[in-house]
Protein chains: 2
Amino acid sequence: MSIQERRERERAHRHRLIVKTARELAETEGWEAVTTRRLAERIEYSQPVLYSHFAGKDAIVTAVALEGFEELAGVLSRARASAATPAEALAAAARAYTDFADANPALYDAMFTLTTDLPFGRPDSPAPLKAAFGELLTVCASAAGDRDAETFTEVAWSALHGLVTLARGGRLRAGQRDQRLGLLVGQLLATPDRP
Amino acid sequence: MSIQERRERERAHRHRLIVKTARELAETEGWEAVTTRRLAERIEYSQPVLYSHFAGKDAIVTAVALEGFEELAGVLSRARASAATPAEALAAAARAYTDFADANPALYDAMFTLTTDLPFGRPDSPAPLKAAFGELLTVCASAAGDRDAETFTEVAWSALHGLVTLARGGRLRAGQRDQRLGLLVGQLLATPDRP
DNA sequence: TCTGTTGTCTAGCGCTGCTAGGATAGCGTC
DNA sequence: GACGCTATCCTAGCAGCGCTAGACAACAGA
């Protein structure tokens with residue numbers, strides 16, 4: 001059995017190598033530079049090897065995205081743990097979220113712009129997705145007050161996502177990042193007037 | 001001079017035909033179906049004709065996006081005109097924005113996801129961009145109170161953009177659109193606690 | 001040592017955006 | 001009315017893309 005085990009170990013190692021290399025290549029040269037040929041060259045194997053590990057290029061991007069959701073969940077979890085009050089937790093999570101996106105632009109693109117086939121908010125969702133959204137839900141729920149927690153989470157998440165993506169394309173004024181984040185968190189924590 | 005005028009007229013007509021066809025093709029079959037070959041076939045000219053009108057495929061997408069910004073400005077303007085109070089105007093604009101994005105998904109993608117070279121918020125920005133953002137700024141400024149109008153506008157816009165894009169990818173619960181929009185507008189109109 | 005399986009590579013398909021160079025149509029001029 | 005020129009358009013092709021069929025080599029078991 002030892003031989004087969006070694007092979008499986010090597011396969012797993014190469015699997016991780018493909019994902020790691022794709023991510024690095026995307027982060028340094030952008031996703032348009034991530035072609036199956038260049039990826040194969042980087043891992044020092046031929047193209048078809050990629051297809052023995054993944055169904056196609058999309059599956060590789062998805063694998064990178066899953067890594068991203070895992071890391072995002074960790075980042076949000078730490079932010080939440082570092083805060084004393086629900087309001088502080090929301091502010092910390094918001095900052096952690098945008099910092100994460102800014103630090104890993106290609107990864108963020110894989111998670112939200114390139115990948116379309118990851119099922120969200122469903123029983124069969126991959127664990128990292130559930131974890132990441134679960135973290136968001138936890139931190140938002142404790143700050144939601146009498147508003148619907150899930151709706152509140154979706155709105156907060158959307159706002160953060162919008163800030164990240166619009167800022168990325170140069171659509172928002174550079175250097176005003178903190179002001180926007182502060183205003184957003186302030187509005188989310190405010191108590192709406194009862195009409 | 002009449003001959004040259006006719007030719008210029010024909011050129012202008014064909015220019016519009018290309019943009020119109022690209023938009024239709026994208027809206028019915030998605031942007032991945034908009035290839036230079038298929039586009040050329042649809043307009044009943046050969047491929048190189050496209051390149052006598054546009055520098056490349058990106059330029060065609062950009063032209064479609066500009067059309068979108070023009071229409072968005074009109075939609076927002078009408079929403080603002082239909083409202084009596086600043087709060088109503090903000091709510092109407094938010095609804096108009098998301099309705100516009102939902103009704104023209106491919107157009108919205110061209111404006112915000114595919115096009116990256118349109119300069120925003122700069123003196124040399126194309127007029128439609130200035131008009132669209134100007135409408136947003138107007139409606140947000142009157143609802144901003146003592147908050148910085150431009151920052152408030154950027155945050156509101158980001159939130160709407162986030163709602164649209166996340167909902168598109170199935171990332172948000174279907175059927176909760178109105179609840180999210182209502183909650184967002186309520187939060188934006190709320191007065192934050194003074195810390 | 002031979003055989004069958006497993007794994008990898010070479011070569012190639014149909015597609016993409018884009019372009020060089022030849023053919024053609026229609027103008028202004030004689 | 002015939003000619004030459006210019007502007008326009010098309011055919012054909014390039015390099016690169018994602019992906020795959022089939023040849024080939026390496027290796028486990030008999």
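The sequence lines fix the lettering, A, B, ..., with proteins before strands; numbering per chain opens at 1. Only heavy atoms go into these numbers, but all of them, side chains included; no hydrogens, no water, no symmetry mates.
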*Least distance between heavy atoms, B:Pro86 atom then B:Ala143 atom*: O-CB, 4.2 Å

_Students often mix this up, so state it plainly: with edges at 30° and 60°, are the rings of B:Phe112 and B:Tyr97 parallel, tilted or perpendicular?_
tilted

*Would you name the heavy atoms of A:Leu172 and A:Leu163 that are closest together and state the gap between them?*
CD1-O, 3.8 Å

*Using rotation axes that map the C1' atoms of four end pairs onto the next four (five pairs an end), what angle separates the end axes of the helix from C:dT1-D:dA30 to C:dC30-D:dG1, to 10°?*
20°

*Send over the distance from A:Arg11 CZ to C:dT6 C1', rounded to a whole Å.*
11 Å

*Locate the shortest heavy-atom distance separating A:Ala110 from A:Trp31; write the atom from each residue and the value.*
CB-CZ2, 3.6 Å

_Does the protein touch nucleotides 10-20 of chain D at the base, only the backbone, or not at all? Give it as B, S and - per nucleotide, heavy atoms under 4.0 Å._
BB-B---BBBB

*Distance-only donor-acceptor check, side chains A:Thr165 and A:Arg171, under 3.5 Å*: no

*asked:* Tell me if a side-chain donor or acceptor on B:Ser77 pairs with a main-chain N or O of B:Ala73 at a distance below 3.5 Å.
replied: no

*Atom pair distance, as rounded to whole Å: CG in A:Leu50 and P in C:dC9*: 10 Å

_Can you measure A:Ile18 atom CD1 to C:dT8 atom C1' for me and round it to whole angstrom units?_
13 Å

*Closest non-hydrogen atom pair, A:Ala63 against A:Phe54*: CB-CE2, 3.8 Å

*Does A:Glu24 pair with A:Arg42 as a salt bridge, N-O distance under 4.0 Å?*
no

